[in-house]
Amino acid sequence: MYRTKNCGELRMQHVGEQVTLAGWVQTVRKFGSITFSDLRDRYGITQLYFNELLNSQLDSTPIGREYVLQVTGKVVERSNKNNKIPTGEVEVEVASFKILNAAEVPPFTIEENTDGGDELRMKYRYLDLRRPTLRRNLELRYKVNRSVRNYLDTLGFWDIETPFLIKSTPEGARDFVVPSRMNQGQFYALPQSPQTFKQLLMVSGYDRYYQVVKCFRDEDLRADRQPEFTQVDCEMSFVEQEDILNTFEGLFKHVFKDVKGVDITYAFPRITFDDAMWHYGNDKPDIRFEMKIQNLKVDGAVNCLTIAQAIGGFKVFDEAETILAICVPGASEYTRKQTDEITEWAKRPQIGMTGVINIKCNNDGTFKSTVDKFFSAEQQAEIAAFCGAGKGDLILLLAGKETRTRKAMSELRLEMGNRLGLRNHDDYKPLWVIDFPLFEYDEDGNRWVARHHPFTSPKPEHIELMNDLSRYGEIKANAYDIVLNGTEIGGGSIRIFQRHLQEKMFAALGMSKEEAQEKFGFLMGAFEYGAPPHGGIAFGFDRLCALLGGQESIRDFIAFPKNNSGRDVMLDAPSAIDEAQMKELGLK
RNA sequence: GAGAUCAUAGUUCAAUUGGUUAGAGCACCGCCCUGUCACGGCGGAAGUUGCGGGUUCGAGUCCCGUUGAUCUCGCCA
């Protein structure tokens, strides 16, 4: 046995015991004739004490950072205790030690706060993973995983694996493909999700299925996106939307309680997609703070009369399709510099507005705005009243095309939430967004596409509208997202389970009968052999872990992540393959 | 496909309007040190300023190109 105890477990109660530890040398502190060293493993850090005798051995066999060391000695009470670490009351007085493996000097410090940059840490990921920060993240991930499995197991869900080498489909994200050697010139695709398989499992009668499973999408990346990522994929039969929302709301409450000790006792708020867009400008509202969007004018229709009554006419407002406002509480004292900063922020190409109008509702009841020329004090008071602004508040207005302006206002709201410190990551405010549109119009492709995916069922009362192309935009789906603190962490739908409706759906998406048969014949065939009503949901597992860990980036919650360009900088993948391999695969 | 920011010692950063021999912290190496735990003291080594071109008497600094990184928009059913 290499060790009798680990580096995190020794306490006062162990004083006097003879122990053997094995781990990595974190630091060496030499004092002439005695030496202290910290030994680290996954469980913690234990101080080693080399007395005068042992110290001379260190001269002949020196130890350095990250050496793998085995020591045997007696646990003793420290004369100077360290209350910063759990083992800080004791130390091991080394009687003998053995270097199990020497180590090069690592390229960055392996401590709580490393001095290494992202790229370097990725290249030496196995070293970065020794740091307590990363270790805690992966531990959290494991606990979330276990908690999810425990909950679903209790409810009788079965974990069933589905294949990774599958067929490429045209809809949705770009597929990763894998050439087939035995079928030259043909390719498998890696699944974007196990969607069709889990539906087939429902047809097979496995009415409660889940899987913690890798999914693959060949799209451009972000801090919270990886080319391969993990989903908690679930599906149930003989359920309605209500059953699914209740079941998985329960899952979230369980995980929050289990992993974070957070008790959410109330029912998650539910908000329709339309309301979310109207009040927050997006379909994943951050409801940790209010600051709801005020719709002064939308698609040319004026809701706040005053804004159409500018003195001598105000071109910016008159010509705008949409005018939106938010009321920033307690910000009326913002300086010119601060409001300019906000304007500059809105003018960045990613936001794309030409400016931000502000009205300061001063504490003395007066108004000061960038549009004093166009609106009298009384008129500004009316606008303030419409926006629900009181003394001391700052109203920010954006005007322009509906889509762009709403999107920009959504971003501005979040930005102001950040500036005011209203987005505390310890504050968990989950909600359901429901009643998503079934279709959305794809401007580039000049066609209607499925907003969720083509297996999503329209609301029964809206099926009729599928016969009228001009009303596609009105059709709502039995689709829902779960949103946490402004991030979509899961989404799902009640599925289509009848062949005729599925055919109708494919036709609505502009797919010919032949094409639908070729791509999804297996699914429609299955629907002819007794498919039960079913529906499900999938959660972005990496994102959920990052949120629970209070971080933006999912990378440090994945043991071996890829960088911004989808590269594994440790392996240096992807890479070229040799000529012979190419030939064998029929690629050359 | 696009925008922003960045690239200088092992590492994290600095270097004034373009001006002497490119500096500092940490890490590393050597010597000293019996209670440290961010140990301390003294000394030392360490650089093709990502790469290629240009402007200039002179470029880490300005310009063009290129490669890579981070964040974002498009994209991600």
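A quick note: this is a predicted structure, and the numbers were derived from the prediction, not measured. Order of the sequence lines fixes the chain letters, A, B, ..., with proteins taken first and strands second; residue numbering starts at 1 for each chain.
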Has the side chain of A:Glu91 got a donor or acceptor atom sitting under 3.5 Å from an opposite partner on the base of B:G35? yes

In whole angstroms, the gap separating P of B:U36 from CG of A:Asn51 amounts to 17 Å

| said: Donor-acceptor pair, distance only, cut-off 3.5 Å: does the side chain of A:Arg40 make one with the backbone of A:Gly23? | reply: no

Between CD of A:Glu119 and C1' of B:A69 the distance, given in whole Å, is 5 Å

From CZ of A:Phe216 across to P of B:C76 the rounded distance in Å is 19 Å

With a 3.5 Å cut-off and just heavy-atom distances, do the side chain of A:Asp220 and the base of B:G74 make a donor-acceptor pair? yes

Taken to the nearest whole Å, CD1/A:Ile351 to P/B:C73 is 8 Å

Comparing nearest nucleotides in RNA chain B, the 5'-proximal residue of the pair A:Leu120, A:Ile34 is A:Leu120

Just checking A:Tyr49: base, sugar-phosphate only, or nothing, at a heavy-atom cut-off of under 4.0 Å? base

Check whether the side chain of A:Arg225 and the base of B:C75 form a donor-acceptor pair under 3.5 Å. yes

Checklist entry - So, is A:Lys84 near the phosphate of B:A38, with a side-chain N or O under 4.0 Å from OP1 or OP2? => result yes

query = Between the base of B:C37 and the side chain of A:Arg78, is there any donor-acceptor pair under 3.5 Å?
reply = yes

**Asked** Which whole number of Å gives the distance between the P atom of B:G1 and that of B:U61?
**Response** 29 Å

- Query: At under 4.0 Å between heavy atoms, what does A:Gly352 touch on the DNA or RNA strands: base, sugar-phosphate, or nothing?
  - Reply: nothing

Whole-Å distance, A:Glu411 CD to B:G3 P, equals 20 Å

Please check if the side chain of A:Arg78 supplies one atom and the backbone of A:Gly88 the other of a donor-acceptor pair under 3.5 Å.
-> yes

Considering only atom P, compute the distance from B:G50 to B:G60 and round it to an integer number of Å. 10 Å

When rounded to the nearest Å, what value does the distance between P atoms of B:C51 and B:A9 take? 10 Å

Polar side chain donor-acceptor pair, A:Asn418 to A:Arg413, under 3.5 angstrom: no

*Go through the side-chain N and O atoms of A:Gln199 and A:His534 and say whether any donor and acceptor fall under 3.5 Å apart.*
yes

Per atom distances to the A:Gln47 side chain, the nearest of B:G3, B:U12, B:C37 is B:C37

Tell me if the centroids of the rings in A:Phe455 and A:Phe520 come within less than 6.0 Å of each other. yes

Winner on side-chain proximity to A:Arg222, out of B:C75, B:C26, B:C71, is B:C75

Practice problem: Take atom P in B:U72 and the same atom in B:A59, then report the distance between them in whole Å. | Solution: 39 Å

- Query: Would you say the side-chain atoms of A:Thr162 and A:Gln211 include a donor-acceptor pair closer than 3.5 Å?
  - Reply: yes

To the nearest angstrom, the CD-C1' distance between A:Glu104 and B:A27 comes to 14 Å

A:Ile110 CD1 to B:A27 C1', in whole Å, measures 12 Å

Discussion item. It should be established whether A:Lys407 places a side-chain nitrogen or oxygen under 4.0 Å from OP1 or OP2 of nucleotide B:G74.
Written reply: yes

**Atom C1', compared across B:C13 and B:A27: separation rounded to whole Å** = 14 Å

Salt-bridged, A:Arg136 to A:Glu112, with N to O below 4.0 Å? yes

A:Ser33 has its side chain closest, among B:C37, B:A69, B:U34, to B:U34

Checklist entry - Are A:Asp556 and A:Arg125 close enough for a salt bridge, meaning some N to O gap below 4.0 Å? => result yes

Per atom distances to the A:Asp118 side chain, the nearest of B:U70, B:U12, B:U72 is B:U70

Inset, instruction - Please determine, by modelled atom types, if A:Arg130 and A:Gln26 share a side-chain donor-acceptor pair under 3.5 angstrom. - result: no

Integer angstrom distance from the C1' of B:U34 to that of B:C28
25 Å

* P spacing across the pair B:U12 / B:A69, given as an integer number of angstrom -> 15 Å

Check the phosphate of B:U70 against A:Arg555, side-chain N and O only, distance under 4.0 Å to OP1 or OP2. Yes or no? yes

Separation of B:C76 atom C1' from A:Gln192 atom CD, nearest Å, is 9 Å

Would you kindly check whether a donor in the side chain of A:Arg174 faces an acceptor in the base of B:G74, or vice versa, at under 3.5 angstrom?
no

Pairing string of RNA chain B (Watson-Crick or G-U wobble, both atom distances under 3.5 Å; | = paired to other strand) is (((((((..((((.....[...)))).(((((.......))))).....(((((..]....))))))))))))....

5'-most contact on RNA chain B (nearest-nucleotide basis), A:Val449 vs A:Pro107, goes to A:Pro107

Review point. Taking the six-membered ring for Trp, does A:Phe36 stack with B:U36 (centroid gap under 5.5 Å, planes within less than 30°)?
Key: yes

Looking only at B:C37, B:C33, B:C76, the nucleotide nearest the A:Asn82 side chain is B:C37

Please tell me whether A:Asp435 and A:Thr272 have a donor and an acceptor in their side chains that are separated by less than 3.5 angstrom. no

*Taking only side-chain nitrogens and oxygens of A:Arg217, does any of them come within less than 4.0 Å of OP1 or OP2 of B:C75?*
no

key: Phosphate OP1/OP2 of B:A69: any A:Ser565 side-chain N/O under 4.0 Å   = yes

Do the side-chain N or O atoms of A:Asn563 get closer than 4.0 angstrom to the phosphate oxygens (OP1, OP2) of B:A69?
yes

Expressed as a whole number of Å, how far does the C1' atom of B:G54 sit from that of B:C71? 31 Å

